[in-house]
There are 2 protein chains.
Amino acid sequence: MSSAVASDLAGLVGSEHVRHDAHFLADASQAMGLRGEAAAVVLPGDAAEVAAVVAWCYERGVAVVPRGGGTGYAGGAVPLDPAHVVLALDRLDRVRSFEPGLWRMEAEAGVTTQTVARLARENGLVFPPDPGAAEQSHLGGNIATNAGGPHCFKYGVTRAWVSGVEAVIAPGELVRFGGPLRKDVAGYDLTGLLCGSEGTLGIVTSAWLRLLPAPQLQLPVVGAFAGVEEGCEAIERVLASGVVPATIEYLDAGALAASASTFPGGLPDGTAFLVVCEADTSEADAAELEEALAGELGRALRPSARELWRWRDGVSLAVTARRGGKLSEDVAVPLDRLAAGITGTVAIAERHGLEGCSWGHAGDGNLHSTFLLEPGDTEQLARAEAAVEELFALAIALGGSVSGEHGLGWLKRGQLRNQWAPAAVGAHEAIKAALDPKGLFNPGKKTA
Amino acid sequence: MSSAVASDLAGLVGSEHVRHDAHFLADASQAMGLRGEAAAVVLPGDAAEVAAVVAWCYERGVAVVPRGGGTGYAGGAVPLDPAHVVLALDRLDRVRSFEPGLWRMEAEAGVTTQTVARLARENGLVFPPDPGAAEQSHLGGNIATNAGGPHCFKYGVTRAWVSGVEAVIAPGELVRFGGPLRKDVAGYDLTGLLCGSEGTLGIVTSAWLRLLPAPQLQLPVVGAFAGVEEGCEAIERVLASGVVPATIEYLDAGALAASASTFPGGLPDGTAFLVVCEADTSEADAAELEEALAGELGRALRPSARELWRWRDGVSLAVTARRGGKLSEDVAVPLDRLAAGITGTVAIAERHGLEGCSWGHAGDGNLHSTFLLEPGDTEQLARAEAAVEELFALAIALGGSVSGEHGLGWLKRGQLRNQWAPAAVGAHEAIKAALDPKGLFNPGKKTA
């Protein structure tokens, strides 16, 4: 690392907070071989120090790569140039205020997803977004990617639960947009614009969160089907039932091959497609879901919520474990194209001599389309990368998006121009240029 | 009107669609004396014609003022320069697609709020945002102001229910952001940015809406209190009850003076503050709300939903009727500052020798703070305008916003810089400059 930059930054945050640990140079995309390099890794102690670091860098033309818990799959937190500075938000880990009676919390960017969830739960509340890796991922990272999760089908993604942000914007100014208030149309929606901007427009240092009383019930209802078509028909029956499930998840045959054996209570023989709903309002709603999901493999299953979601959390790792590696994307499609996305994933895999599968947030049309890999097999990896390009093209052809919840990061850079018309891409780029005129916030990421 | 501009635009949309009706030059802000002037009023027949008109204007440096139903209170749709062109979206009134089973609709900007609501209701669904003036207001206007309404307490404002927009952006390009899909983090959130942008960044021509199965119940529960403090304490008891009401509305003593006599079934003697909740999940929730709202004036009231909401819709007009006029703003504050906002409104009025009152969306901290006026009394109007300045300062001092749902429009221009720090205002202005480099989309509106 560059000692000159590191030593100047040490003057701003303290030398013990300029770090060299290799883990700050990679995120969950390292499974794809992505590792970075940087001039320095700094861990500011508070928002004012974040502003000081950004101001120092912005003045000198030094790029800043913000980093949360490092659980991103798209390489968004990986520094890609030895002159870049990683700004890790681990030390911004304070819950600044928590007023359960008013259903709200202000928490800093480095607070983990799990901490937010635990505090809410201990007070009879819930912060609805529930992305994976809750122990490690940070609130700031959730905001940077506008993270989702199973329960976002009913409750909406992170943006819907952030009523304001404190952020450092160019050239190093600490500002706030919104706050602990629930409605505000005075200025443009900068809060919303920062949500999902992947650290390319500014660095969120703290956020005001809306919370909700926890539902009194959590009643999973699972339908087991012989195939994709039957399962997707059942999903449409669920929608038509008039019940609003908290979740509508699915797993296809390939995902079940990796995970069915540990499903709590077991699955019926012949299960090749699973639909996982949850009612959180009443037993009557659960019964209606059960009726909608009862398919040719018999009655719907009713596992306990705790067992079910623990199992569901393990699906991604179980799929990885089959061959030791995987290339997984998070495309989204309109709900009526879900079956086409699922079968298309498998067909693309076959065309490239790969094993493909998917699972994900069916109700939101959000697939985790996955190609299994043997680690170290570079030829296989090259085929998987070609398959991913086809997958993106399929998602776009189906009227969907190359990313439902992970963002573009580094690995999907350049994909937006396949999805949006040139004038729309122009608007995306004009916003980047307007808010980051020197192009120093997480350069190369989320580029069209 | 300028005949040269009008005749060129007639070539684009047909001469019968270049209009001169005076009503296109004003909106609901005409009660405040605001009337506009314009070079032409054009009514394009479809999105392509909107793009053609904008392209023609943008090339020639002619400003465009988009117009929906004309129900805005902030003058956002009023043309303020004889060289401006009003682009009225009345003819974009098609519902392009409606798939009840998939809970979604695509509707053009000129479709009325009531039409969206009726189509949804006839199919067992609901489009949750419920701003006033539903017969006249347009979907495009709702999006332009990110409109709210009573039921947005539980369901969120318009933005939460718009999954994508088709829009004409500079220099006259028809683009789409998002679509009939529920998750998409590929590009920056341009859909969200256009929501609430009041036609200053582009013109929304169509939108993809998310719908929801209609709740099976609609059980209003109303608490009558002797004062603001008791009423606001009851609101906090409601939040603590664990029930999520669909609405938490309030009316203060002044608003009740205008409207109590027509409350369905009548109100208890001594009622000086009303809290209007609605349970839409179960009778048990309604009973809990009833318990939380039972105050010193006895048991909570249970009017029928139809009668209650018809009465509530009439409150604004009833308040106007007391003196013939009013100056009403829509400030928002954090919920724990609601009582301070309500009593502060009355105190400000008294200091200016006026009668003040408020009502609104209590759960969202959104006040319709109002000063009564005799029409034509310019000295009184001047005092009311001074009172409004104090009201905005109060909202900001309470950590709130000068606008919860109406936007800045023309009448609140310049207020954002009192609410946001200079660097935040700089970001607002940078976005405007980036997306509208010639400053031709609704100039002078929503300025900081």
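Keep in mind that the numbers below use all heavy atoms, side chains included, and drop hydrogens, waters and symmetry copies. These numbers come from a predicted model, not from an experiment. In the text below, chain A, chain B and the rest are named by the order of the sequence lines, each starting its count at 1.
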Correct closest heavy-atom pair for B/A434 and A/A430 would be CB-O, 3.5 Å
Residue A/A423 versus chain B: region with a heavy atom under 4.5 Å:
both
Hey, could you give me the CG/CG distance between A/L102 and B/L338, rounded to the nearest 0.5 Å?
11.0 Å
Measure A/R237 against the heavy atoms of chain B and call it side chain, backbone, both or neither at under 4.5 Å.
neither
Quick check for you: among B/E429, B/E173, B/K446, which has the greatest number of heavy-atom pairs under 4.5 Å with chain A?
B/K446
Roughly how far, to the nearest 0.5 Å, is NE2 of B/H428 from CG of A/L190?
8.5 Å
dist A/C152:SG -> B/R182:CZ (nearest 0.5 Å) comes out at 10.5 Å
Does the pair B/N366 and A/L181 meet the rule for a side-chain contact (heavy atoms from CB on, under 4.5 Å), with working shown?
CA-CA 9 Å; B/N366 192 184; A/L181 74 166; over 6 Å; no
Tell me which of these, A/A240, A/G178, A/G242, has more heavy-atom pairs under 4.5 Å with chain B than the rest.
A/G242
Interface moiety of A/V185 toward chain B, non-hydrogen atoms closer than 4.5 Å
both
Measuring heavy-atom distances to chain A, does B/S163 have an atom under 4.5 Å in its side chain, in its backbone, in both, or in neither?
neither
At a 4.5 Å cut-off on heavy atoms, which part of A/Q419 comes close to chain B: side chain, backbone, both, or neither?
side chain
Part of A/Q415 lying under 4.5 Å from any heavy atom of chain B:
neither
Which bit of A/V243 comes within less than 4.5 Å of chain B, counting heavy atoms only: side chain, backbone, both or neither?
backbone
From the list B/L201, B/V331, B/V157, B/V333, the residue making the most non-hydrogen contacts under 4.5 Å with chain A is B/L201
With respect to chain A, which residue among B/H361, B/K183, B/R159 yields the maximal number of heavy-atom pairs within a distance under 4.5 Å?
B/K183
Which atoms of A/Y155 are under 4.5 Å from chain B, going by heavy atoms: the side chain, the backbone, both sets, or neither?
neither
So which part of B/L239 gets closer than 4.5 Å to some heavy atom of chain A, the side chain, the backbone, both or neither?
both
Any idea which of A/T200, A/L174, A/I235 has the most non-hydrogen atom pairs under 4.5 angstrom with chain B?
A/T200
What residue, out of A/D336, A/T191, A/L194, A/D285, has the most heavy-atom pairs lying under 4.5 Å from chain B?
A/D336
Side chain / backbone / both / neither for A/K432 at chain B, heavy atoms under 4.5 Å
both
With a 4.5 Å cut-off on heavy-atom pairs, point out which of B/P334, B/G192, B/G156 contacts chain A the most.
B/P334
Once you measure the plane-to-plane angle for B/F177 and A/W420, does it fall in the parallel (<30°), tilted (30-60°) or perpendicular (>60°) bin?
perpendicular
Most contacts with chain A, counted as non-hydrogen pairs under 4.5 angstrom, among B/V175, B/L408, B/D364:
B/D364
In sequence, state the C-alpha distance, the side-chain angles, and the governing distance for A/E99 and B/L335, and then conclude on side-chain contact (heavy atoms from CB on, under 4.5 Å).
CA-CA 11 Å; A/E99 294 148 303; B/L335 183 54; over 6 Å; no
Proximity breakdown for A/H406 and chain B, heavy-atom pairs closer than 4.5 Å
backbone
Part of A/A424 within contact of chain B (heavy atom distance under 4.5 Å)
both
Of all heavy-atom pairs linking A/P213 and B/V244, the shortest is CD-CG2, 3.6 Å
Pairs of heavy atoms under 4.5 Å with chain B: top-ranked of A/G179, A/G187, A/A332, A/G196:
A/G187
Let me know if A/L416 has heavy atoms under 4.5 Å from chain B in its side chain, its backbone, both or neither.
side chain
Below 4.5 Å from any heavy atom of chain B, which atoms of A/S282 appear? Answer side chain, backbone, both or neither.
neither
Is there a side-chain contact (heavy atoms from CB on, under 4.5 Å) between B/N146 and A/D189 once you walk through the steps?
CA-CA 10 Å; B/N146 198 10; A/D189 183 11; 5.8 Å; no
Here the gap from B/E198 atom CD to A/Y188 atom OH, rounded to the nearest 0.5 Å, amounts to 8.0 Å
Segment of A/A427 engaging chain B (4.5 angstrom heavy-atom cut-off):
both
Counting only heavy atoms not in B/F153, do more than 12 sit closer than 6.0 Å to its CZ atom?
yes
Quick check for you: to the nearest 0.5 Å, what is the distance between B/K154 atom NZ and A/L212 atom CG?
8.5 Å
Within 6.0 angstrom of A/E233 CD, more than 12 heavy atoms from elsewhere
yes
Rounded to the nearest 0.5 angstrom, the CD-CG distance for A/E405 and B/D184 is 12.0 Å
